[in-house]
Peer 1: 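Next up is a structure, given as structure tokens.
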Amino acid sequence: MISFENDYAEGAHPAVLQHLFATNLVQQPGYGNDAYSEAAKEKIRNACHAPHADIRFVVGGTQTNALVIGTVLNPYEGVVAAETGHINVHEAGAVEYTGHKVLTIPQHEGKICARELEAYLEAFRADGTHEHMVFPGMVYISHPTEYGTLYTRGELTDISRVCRRFEIPLFLDGARLGYGLMSPGTDVDLPFLSEVCDVFYIGGTKVGALCGEAVVFPRGNAPRHFVTMVKQRGAMVAKGRLLGVQFDALFTDGLYFSISAHAIAMAQKLKAGFAAKGYPFLLDSPTNQQFVILNREQMERLGAQVKFSIWEPVDGERTAVRFATSWAPRGEDVDTLLALL
């Protein structure tokens, strides 16, 4: 059985494990105050061209989303997201558990539209009863989206302008950010995200680390006493070095970007193979997630030898399923899958 079920089925990149092993017996301060975390933060600041960025390492994506949203918003505010947004669909109400509502707007292949966002915020302001409503206090997007699609530089610029007009922060979920940054044709990079976003995170769990996400407040704009609130919410790791060491490895010699590029190359090969055999796609994804439409017979036949994710029904006979490639060197698995078609 080969697996394309997700992009975190493997453990960690060997360079990450080697760095963990090599530093294992070196005594360091706790709670992320170690030398490795500081080195990783400086490397991320350099990659983002954001010398004043506040950076904090957190264990996982759901924890990061709940932490950032819960600490940035006021008690009477909610967060605006696409109706298909991860925080709205696949996080078990983690944001609502912090006391903040997810306010949804329409999605277009996973993305929100600046014009519709602006109309939503204008309508809220114009409503004479808005004092009795949940205030939209933040905008959440992910890049790549749940559908593997990407925002363009122009789209992000427009969304950022709307957020700044209404004086609410823009938060970008980067759980799979490496795969977005290395996709062919993208015009988005870390320095640009540091300009248009108020906070974003660089995902490690799905891009070569055992666990960990790097939260970046690019202009040194973290909430007051953010570290205290991180601990209050149970997101502070006593052995914070475990996260810092991993990001220190990932941001040494461009490793984060090279392994992300590998996943994209494998996805493009998989995509071309399915297309050559006449399989239709739910949409055109340029990232490591490919959504292929299968009929019942194809699902049963492939499912006997390949793991993939069931995504959504297309009609009574066909279903869109997701094949996800990862940073791991599994080129032979792509060849095996294509041979099964």
Peer 1: For the residue pair Y76 and V134, establish whether any side-chain heavy-atom pair is separated by less than 4.5 Å.
Peer 2: no
Peer 1: Quick one, T62 with E91, criterion side-chain hydrogen bond (donor to acceptor under 3.5 Å, both in side chains). Give me CA distance, side-chain angles, the key distance, then yes/no.
Peer 2: CA-CA 6 Å; T62 298; E91 290 195 330; 3.2 Å; yes
Peer 1: Between atom CG of D198 and atom SG of C163, what is the distance when rounded to the nearest 0.5 Å?
Peer 2: 7.0 Å
Peer 1: Could you tell me the separation between the CE atom of M138 and the CG atom of L73, rounded to the nearest 0.5 Å?
Peer 2: 5.0 Å
Peer 1: Where the side chain of Y151 meets the backbone of I112, is there a donor-acceptor pair that is under 3.5 Å apart?
Peer 2: yes
Peer 1: Can a donor-acceptor pair be found, under 3.5 Å and without considering hydrogens, that links the side chain of E109 to the backbone of L283?
Peer 2: no
Peer 1: Quick one: CZ on R45 to OG on S194, what's the gap to the nearest 0.5 Å?
Peer 2: 11.5 Å
Peer 1: Shared ILVMFWY cluster between Y201 and F217, side chains joined below 4.5 angstrom?
Peer 2: yes
Peer 1: Please confirm whether the backbone N or O of G212 pairs with a side-chain atom of T205, one donor and one acceptor, at under 3.5 Å?
Peer 2: yes
Peer 1: What about the rings of F171 and F200, do their centers lie closer together than 6.0 Å?
Peer 2: no
Peer 1: Ignoring hydrogens, what is the shortest heavy-atom contact between Y147 and E312? Give both atom names and the distance.
Peer 2: OH-OE1, 2.8 Å
Peer 1: Give the ring-plane orientation class for Y256 versus F251, where under 30° counts as parallel, over 60° as perpendicular and anything between as tilted.
Peer 2: parallel
Peer 1: With a 4.0 Å cut-off, would you call D284 and K271 a salt bridge?
Peer 2: yes
Peer 1: So, for F281 and F291, is the gap between ring centers shorter than 6.0 Å?
Peer 2: no
Peer 1: Check the pair E300, R296 against salt bridge (Lys or Arg N to Asp or Glu O under 4.0 Å), reporting the backbone distance first and the verdict last.
Peer 2: CA-CA 6 Å; E300 292 177 1; R296 292 180 183 179; over 6 Å; no
Peer 1: Looking at every non-hydrogen atom in both residues, tell me the closest pair between T287 and G180 and how far apart they are.
Peer 2: CG2-CA, 4.4 Å
Peer 1: Is there a path of hydrophobic side-chain contacts, each under 4.5 Å between heavy atoms, that joins L250 and L17?
Peer 2: yes
Peer 1: For E77 and N74, indicate whether the former's side chain and the latter's backbone hold a donor-acceptor pair under 3.5 Å.
Peer 2: yes
Peer 1: For G244 and S37, which heavy atoms make the closest approach, and how far apart are they?
Peer 2: CA-OG, 3.4 Å
Peer 1: Answer yes or no: is there an ion pair linking E118 with R165, defined by an N-O contact shorter than 4.0 Å?
Peer 2: yes
Peer 1: With a cut-off of 6.0 Å (strictly less than), are more than 12 heavy atoms of other residues, nucleotides or ligands near CG of D315?
Peer 2: yes
Peer 1: Counting heavy atoms not belonging to R115, are there more than 12 under 6.0 Å from its CZ?
Peer 2: no
Peer 1: How long is the straight-line distance from CD of Q107 back to OG1 of T149, given to the nearest 0.5 Å?
Peer 2: 8.5 Å
Peer 1: Taking all non-hydrogen atoms of both residues into account, name the closest pair between P184 and I264 and its distance.
Peer 2: CD-CG2, 3.6 Å
Peer 1: Compute both the distance and the angle, then confirm whether K231 meets the cation-pi test with Y31: under 6.0 Å from the six-membered ring centre, within 45 degrees of the axis.
Peer 2: yes
Peer 1: Taking salt bridge (charged side-chain N to carboxylate O under 4.0 Å, His left out) as the definition, give me every residue that meets it alongside R125, ordered by chain and number, with sequence neighbours left out.
Peer 2: none
Peer 1: What do you reckon, is NZ of K43 surrounded by more than 12 foreign heavy atoms closer than 6.0 Å?
Peer 2: yes
Peer 1: Working to the nearest 0.5 Å, report the span between OG of S326 and CG of N288.
Peer 2: 8.0 Å
Peer 1: Does E10 pair with R330 as a salt bridge, N-O distance under 4.0 Å?
Peer 2: yes
Peer 1: Could you report the tightest heavy-atom contact between P329 and E332, atom names first, then the distance?
Peer 2: O-OE1, 3.9 Å
Peer 1: Do V199 and I168 share a hydrophobic cluster (ILVMFWY, side-chain heavy atoms under 4.5 Å, transitive)?
Peer 2: no
Peer 1: V216 and A53: which non-hydrogen atoms are nearest, and at how many Å?
Peer 2: CG1-CB, 4.1 Å
Peer 1: Considering only residues two or more places apart or on different chains, which pairs with a residue in residues 166-188 satisfy salt bridge (Lys or Arg N to Asp or Glu O under 4.0 Å)?
Peer 2: D7-R176
Peer 1: Judged by atom type as modelled, is there a donor-acceptor pair below 3.5 Å linking the side chain of R322 to the main-chain atoms of E5?
Peer 2: yes
Peer 1: About how many Å separate OG1 of T71 and CZ of R224, when rounded to the nearest 0.5 Å?
Peer 2: 14.0 Å
Peer 1: Is there side-chain contact between I141 and L156, with heavy atoms separated by less than 4.5 Å?
Peer 2: yes
Peer 1: Are I202 and V215 grouped together when hydrophobic residues (ILVMFWY) are joined by side-chain heavy atoms under 4.5 angstrom apart?
Peer 2: no
Peer 1: Do D333 and T325 make a side-chain contact, defined as non-hydrogen atoms from C-beta onward lying under 4.5 Å apart?
Peer 2: no
Peer 1: Let me check something: do Y36 and L20 share a hydrophobic cluster, defined by ILVMFWY side-chain heavy atoms less than 4.5 Å apart, either directly or through other members?
Peer 2: yes
Peer 1: Hey, is the main chain of D248 close enough, under 3.5 Å, to the side chain of K41 for a donor-acceptor pair?
Peer 2: no
Peer 1: Quick check against the 3.5 Å criterion: does T98 have a side-chain atom that pairs as donor or acceptor with the backbone of G70?
Peer 2: no
Peer 1: Test your reading of the model: is there a side-chain donor-acceptor pair from Q246 to the backbone of L210, 3.5 Å cut-off?
Peer 2: yes
Peer 1: Do NZ/NE/NH1/NH2 and the carboxylate oxygens of D335 and K269 come within less than 4.0 Å?
Peer 2: yes
Peer 1: For a 4.5 angstrom cut-off between non-hydrogen side-chain atoms, does F226 reach L67?
Peer 2: yes
Peer 1: Is there a side-chain contact between L172 and L193 in this structure, where contact means two heavy atoms from C-beta onward sitting under 4.5 Å apart?
Peer 2: yes
Peer 1: So does E42 get a backbone contact from the side chain of N46, meaning a donor-acceptor N/O pair under 3.5 Å?
Peer 2: yes
Peer 1: F4 and F308: aromatic ring centres closer than 6.0 Å?
Peer 2: no
Peer 1: Would you say the side-chain atoms of T145 pair up with the backbone N or O of S142, donor to acceptor, closer than 3.5 Å?
Peer 2: no
